A.B. asks: 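I have a structure I would like to understand better, so I am pasting it below and will then ask my questions one at a time.
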Amino acid sequence: MNLFAEVAARVTAALEALKTEGRLPADLVLPSFDAEPPRDVGHGDVAINAALVLAKPAKMKPRDIAEALKAKLETAADVERVDVAGPGFLNITFKPQVWQTLVRTILQEGPRFGAGSIGKGEKLNVEYVSANPTGPMHVGHCRGAVFGDALANLLVFAGYEVTREYYINDAGGQVNVLARSAFLRYREALGEDIGAIPEGLYPGEYLKPVGAALAAEHGASLREIPEERWLPVVRQFAISKMLEMIKDDLAALNITHEVFFSEASLTSGGQDKVKTAIDALRQKGLIYEGKLEKPKGHDDAEWEDRLQTLFKSTSFGDDEDRALQKSDGSYTYFAGDVAYHYDKLQRGFRHLINVFGADHVGYIPRMKAAVAALSGGEADLDIKVVQLVRLFKAGEPYKMSKRAGTFVTLRDVVDEVGRDPVRYMMLYRKNQETLDFDFAKVTEQSKDNPVFYVQYAHARAASVMRNATEQIAGLNLSVEALQAADLTLLADTGEIDLIKRLAAFPKLVEGAASAHEPHRIAFYLYDLASALHTQWTRGNDSPHLRFIQANDGVATSARLALIAATKTVIKSGLEILGVEAPDVMR
RNA sequence: GAUCCCGUAGCUCAGUUGGAUAGAGCAUCUGCCUUCUAAGCAGAGGGUCGCAGGUUCAAGUCCUGCCGGGAUCGCCA
């Protein structure tokens, strides 16, 4: 149930009535308007701008429309009063029972409160992480992984049928580098002195077990054959080991994908899905052989004109057309990605979301162009870019070098600070904003770290429920009993304020889901936790406001109904973020 | 040279798709533990929303041009 959507429906009905009464032009097309919580508490419970947006098309003064609407809206039984304010806002103030009833609604709907608002069960694909299978996940991957996962959770909650995918880049040159690097470790495992790792190969220690496993499985036999024979074997072996490791790393963050899609599979087993996709584009007249112009900033000496197969992405807003085949005829990375997205479309997805790192921003226009071309404009692709994570240790920048193999792995971070703080911190920022991640601060279990603040609110709610049953004999805290509580006793301003924040949850979820912005949930939870802590402390100062009234089981039941509702919403929000909602703090 | 992201309180950042008097945390100052968990709460000070135009009933939010910081830029992935 969404209170604000309900009010919007009332306004629409009132406007229709005014049209049939001839007080608004009968042919008036109603523009979209908002019914939302006002920022200023002095402006009632719901602010409606309908009169303002209608003024021009209806050729009437906004305040006249507002007055007419006011007369319609203020007759509702649950409305305390309607004010026309400012240039023509309608401010509705509800009677307290609206808020009291909302507590019951939340208890009835439980974890479904706020869910299912916009997805309508439509299929939606979220592709995220997609790190190269050449080594362990480092902390740079972490943000995209957490963001994608929380976004997927959010969209599931909003009612989409979501598939989480990981695109494995197992077809390019870098997996051959991986294979040669693993082969070196294999020779090392056989007792050879391999010396320093040559330039251009991966130096990381994580390949040692792969080498050892190869030695255990193949003995010395691989060493006896030429590279063109051992390379595919070692490559396949190393990739699967790397994927195992990556899946373990993701599991440490509670992240799982339903589909791992192999780039190499596009052109294996006698098929060529890349060609199929290019042919589909060719049929639309979007493929040609040509040369690309030299980019402006390019060094003149190195430039050389080459004839390539190009996709006319400029027809879809890209700056230049993009190469699908290299001059030697092999496919570009982009060509494989085109084929992969063609495959997504053929699997019936019309809503696609890709999560990219900041280093891939230049790739966005061509990807959108490809999806627009392949789907004939039927599918939407949203590409979310997560900006860089800058590591700090106690305020000092924390340097890492990928070349020396001394990068901070995702696992290092999770082991050091824990899964919940990592996830919350990664989400407590807009995705387009660069993120400073300070080990010292995140490890600090202080108010500085919002995850503890929010989790503490949940634990505090659980604690109050536990204490109540101990202090009041025979108190029934089942959901059914709490629903039956006399909720008209919830009349304190702090209690009403807390309920109003709960009431905002469904609309907030809707906005976050349609904007693909999970961070809004994280910030909302902080506010909600704050409202609970506030009311708690008011009870410290004024004992009659405490949730538990040892001599009054009736009042206690009503307040615990509110606590239970708050606990439910905090838990729903934390589940979207993939963060635990503990009943006890350690 | 071009594209994308960012610019809001001393610092780190929100700002509900254009709403009314721009918010929170940290830091500073003043209070609250005999208490349902002080891992908490209340209050004060702190602003030319980078700059300049434009769009309209209304702009931190949309458009244009600058300034500053970051990322990216033919066949890598």
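Predicted model only: the values in this text are computed from it and were never measured. The sequence lines fix the lettering, A, B, ..., with proteins before strands; numbering per chain opens at 1.
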A.B. asks: Between B:U37, B:A77, B:U17, which nucleotide has the shortest distance from any of its atoms to the side chain of A:K326?
C.D. replies: B:A77
A.B. asks: Less than 3.5 Å between a donor and an acceptor, one on the side chain of A:H519 and one on the base of B:A14, is that the case here?
C.D. replies: no
A.B. asks: Which one is paired to B:A20, where only Watson-Crick or G-U wobble pairs with both distances under 3.5 angstrom count?
C.D. replies: none
A.B. asks: Applying side chain to side chain contact (heavy atoms under 4.5 Å, CB included) between A:L90 and each of A:V82, A:V46, A:V7, report the one that passes.
C.D. replies: A:V82
A.B. asks: Answer with base, sugar-phosphate or nothing: what part of the nucleic acid does A:S514 contact at a heavy-atom distance below 4.0 Å?
C.D. replies: base
A.B. asks: Rounding to the closest angstrom, what is the interatomic distance between B:C33 and B:A52 at atom P?
C.D. replies: 49 Å
A.B. asks: Does the protein touch nucleotides 28-34 of chain B at the base, only the backbone, or not at all? Give it as B, S and - per nucleotide, heavy atoms under 4.0 Å.
C.D. replies: ----S--
A.B. asks: Report the nucleotide, chosen from B:C41, B:C36, B:A77, that has the shortest atom-to-atom distance to any side-chain atom of A:N467.
C.D. replies: B:C36
A.B. asks: Which nucleotide, B:U56, B:C41, B:G74, lies nearest any side-chain atom of A:S530?
C.D. replies: B:C41
A.B. asks: Verify the stacking flag for A:W536 against B:C36: centroid separation must be under 5.5 angstrom and the ring planes must differ by under 30 degrees.
C.D. replies: yes
A.B. asks: Output the single nucleotide from B:A71, B:C36, B:G19 whose closest atom is nearest the side chain of A:V53.
C.D. replies: B:G19
A.B. asks: Only one of A:R546, A:H544, A:R538 clears side chain to side chain contact (heavy atoms under 4.5 Å, CB included) with A:S542; which?
C.D. replies: A:H544
A.B. asks: A:Y363 side chain: which of B:A77, B:G40, B:G19 is closest?
C.D. replies: B:A77
A.B. asks: For the aromatic rings, using the six-membered ring if either is Trp, is the centroid distance between A:F439 and A:F392 under 6.0 Å?
C.D. replies: no
A.B. asks: In whole Å, what is the span from the CZ atom of A:R460 to the C1' atom of B:C36?
C.D. replies: 9 Å
A.B. asks: By nearest nucleotide on RNA chain B, pick out whichever of A:L388 and A:Q325 is the more 5' one.
C.D. replies: A:L388
A.B. asks: Which base sits across from B:U72 as a Watson-Crick or G-U pair, both distances under 3.5 Å?
C.D. replies: B:A2
A.B. asks: Rounding to an integer number of angstrom, what distance separates B:C41 and B:A27 when you compare their P atoms?
C.D. replies: 13 Å
A.B. asks: List the residues meeting side-chain contact (heavy atoms from CB on, under 4.5 Å) with A:H43, not counting sequence neighbours, and say none if there are none.
C.D. replies: A:P38, A:D40, A:N91
A.B. asks: Quickly work out the A:R235 CZ to B:A77 P distance and round it to whole Å.
C.D. replies: 12 Å
A.B. asks: Distance check needed: B:A22 P versus A:H43 NE2, whole Å only.
C.D. replies: 11 Å
A.B. asks: Decide yes or no, distance alone: a donor-acceptor N/O pair under 3.5 angstrom between the base of B:U12 and the side-chain of A:R429.
C.D. replies: no
A.B. asks: Could you say whether A:Y428 or A:S327 is positioned toward the 5' end of RNA chain B, judged by the nucleotide with the nearest heavy atom to each?
C.D. replies: A:Y428
A.B. asks: Within the modelled atom types, does a donor on one side and an acceptor on the other bring the side chain of A:N91 and the base of B:A20 under 3.5 Å apart?
C.D. replies: yes
A.B. asks: Taking the side chain of A:Y456 as its heavy atoms from C-beta onward, which of B:U21, B:G19, B:A38 lies nearest to it?
C.D. replies: B:A38
A.B. asks: Between atom CG in A:L54 and atom P in B:C57, what is the gap in whole Å?
C.D. replies: 14 Å
A.B. asks: Would you mind calling B:U28 syn or anti? Take O4'-C1'-N9-C4 for purines or O4'-C1'-N1-C2 for pyrimidines, and syn is within 90° of 0.
C.D. replies: anti
A.B. asks: Restricting to nitrogen or oxygen on both sides, can you table the protein-nucleotides 60-62 of chain B pairs closer than 3.5 Å?
C.D. replies:
{"residue": "B:G60", "atom": "O6", "partner": "A:R39", "partner atom": "NH2", "Å": "2.6"}

A.B. asks: Identify which nucleotide among B:U17, B:A38, B:U12 has an atom closest to any side-chain atom of A:E36, counting heavy atoms from C-beta outward.
C.D. replies: B:U17
A.B. asks: Go through B:C36, B:G7, B:C5 for me and flag the one nearest to the A:N540 side chain.
C.D. replies: B:C36
A.B. asks: With centres under 5.5 Å and planes under 30°, do A:F89 and B:A20 count as stacked?
C.D. replies: yes
